[in-house]
Amino acid sequence: MAEKNTNTNAEAPKKANFIHAQIDADLAAGKNDKRVHTRFPPEPNGYLHIGHAKSICLNFGLAQKYGGKTNLRFDDTNPSKEETEYVESIMEDVRWLGFDWEDRLFYASDNFPKLHAFAVKLIEEGKAYVDDQNAETISEQKGTPQKPGTESPFRNRSVQTNLDLFERMTMGEFNEGEKVLRAKIDMASPNMHMRDPIIYRIMKAEHHRTGNSWCVYPMYDFAHGQCDYWEGITHSICTLEFEVHRPLYDWFITQLMDSDYRPRQIEFSRLNLTYTVMSKRKLLELVKDNHVRGWDDPRMPTISGLRRRGYTPESIRNFSDKIGVTKVDGMTDVSLLEFSVRDHLNKIAQRVMGVLDPLKVVITNYPEDKEEILSAVNNPEDESMGRRDVPFSREVYIEQSDFMEDPPRKFFRLGPDREVRLRYGYLIKCNEVIKDENGKIVELHCTYDPESKGGKSSDGRKVKGVVHWLSAKHAVKSEVRLYDRLFTDEEPDAHKDVDFKEFMNPDSLKVLDNCYLEPFVKTAKALDHFQFERTGYFNLDPDSTPELPVFNRTVPLRDSWAKAQKK
RNA sequence: UGACCCAUGGUGUAAUUGGCAACACGUCUGAUUUUGGUUCAGAAGAGUCCAGGUUCGAGCCCUGGUGGGUCAACCA
């Protein structure tokens, strides 16, 4: 018998990318004892977002593929921006995504003493000097990308003077901005980063880990490569904007190395997603100015926001695999992300009937006090999830949008004298439409076909429409939060003259407070995933109380009817 | 008036040492369906930024353009 290839995404081998090719070449050349050791190096100055997830999946994925290791390293060299709160959220998010750094948790700040000693060594070798000029002057002397810079008058101080001055900087003798330590490289280099870069600056700020023990802090360029080196990193993967830093990265490594081992920087393009922003600065602005409820607002592209929204780690990892890794600056359509989460939730989500916008239906030929228990499938994609009981009675709620008094062509839901099936229940026919004094439809009177239970009908007739419903007296009242994209523009931060906040979508959050759900949702735990049948995927928000469950809509179901209606 | 990087359907990516441009999302049909979901079957959509060159043969190699990105923080 021919076997069908049902290779799922989870099992499918990851597509090779250009980094794999480079690692393969390094391995073939026998570099670094054929080790592969990567690291994920966030600065703890904000919450992680979906772009970081791409980097996390890449770095940890590489280690998995090559039998190597991945470190988690906090790049905490700027005490003015960094906080312990961020450190904690980052660790939580990486773990939640499903990755484990085992015992390899590092901080750049762990290396402050070694970094300082290395700076002293450079001074001794005549490769670094203390500059007394202010930031503005130094900047002017840097020149422009087109024009070479000029040398600082302090460039040729004696080793002894530099040693003395740097020591006094370290002891806190000078104020912020009075002096900096610079590497002596090449003020005429076509690469701005090689024009005597600043490697240490005076900062009298409290560091979230080292407190007040330091008055001088290393710059990123003077810390990152060295940390890579000391941690034994072989492939230091970062985003494209660091490409021009690579010569400097290599320069410091050359000063440091004492064997054949040499880490190597490789750059890839960061993730851009439509209808959102992805810079920590802008996300922080949204949080600080209360445009959203916090870093974990379900509308945010942060890992914590996506988690609260109802995304699963699997769906994010899967998305990450799908988008691949290249050096092309692009813009990924958010529909790819939405596909990933639907795809996963379809397989795992418990089904439930939920009426978001209720319309009362009285089944006039159903006995007043009768109640029945109907049986519903928990997940048609997964038999092992079993079935559940759903109570049925004379008065039910259906969705307002499932009834039209004057239905258009191809509308196969309820209308006057039309018949639909109540999912898992009976066929009902609408006989009477009750309106209030304003003409608004407030209630429907229907009759049911007692022979139609369980998919049959008394005479074999079939109906096209199936609607979800809830027994009015059993239903649990809930709040439901519907989310839409945070911005109305595909690239809100791509407009030169308009602030990205001008494009914020005023309807990005819609709160429905008159929703009904099956009774069993009372037992749900925060973040549990559900599919509200015919509506979308939802999860239980931590804001829920025993009296009032609150649900977030993760993503709507695909809806070909709504799509057809738009045309 | 520089250095470095990038360019393949609408979007994201593939394409062994040069060998019929493939996959996914999205879009559109149709079938199945007690979710207008899922699943299944199928379709449309690029000739690979441009111009030369090498070659039997170029998305891939070479040359020159064009377009885009990054770099002039005591941020990372």
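Throughout, a chain's letter reflects where its sequence line sits, starting with A, and its residues are numbered from 1. The figures that follow rest on heavy atoms only: side chains count, while hydrogens, waters and symmetry mates do not.
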Assess whether one donor atom and one acceptor atom, taken from the side chain of A:R534 and the base of B:G36, lie less than 3.5 Å apart. no
Return the stacking result for B:A76 and A:Y220: yes when the ring centres lie under 5.5 Å apart and the planes under 30°, no otherwise. no
Presence of donor-acceptor pair under 3.5 Å, side chain of A:H193 and base of B:A3: no
N/O (side chain, A:R195) to phosphate O (OP1/OP2, B:A73) under 4.0 Å: no
Check if the side chain of A:R558 and the base of B:U38 share a donor-acceptor pair of N or O atoms closer than 3.5 Å. no
Considering only heavy side-chain atoms of A:K81, the closest of B:C74, B:G12, B:C75 is B:C75
Mind checking A:H224 for me? I need base, sugar-phosphate or nothing, with any heavy atom below 4.0 Å counting as a touch. nothing
Would you say whether A:F412 stacks on B:G36? The test is a distance between ring centres of less than 5.5 Å and an angle between planes of less than 30°. yes
Tell whether A:E381 reaches the base of B:U39 with its side chain through a donor-acceptor pair below 3.5 angstrom. no
From the candidates B:A3, B:C75, B:U13, the one with an atom nearest any side-chain atom of A:V328 is B:U13
Starting the side chain at C-beta, find the nucleotide from B:U34, B:G37, B:A76 nearest to A:F242. B:A76
Choose from B:A73, B:G26, B:U35 the nucleotide whose nearest atom is closest to any side-chain atom of A:R351. B:U35
Using a heavy-atom cut-off of under 4.0 Å over every strand shown, decide if A:L557 touches base, sugar-phosphate, or nothing. base
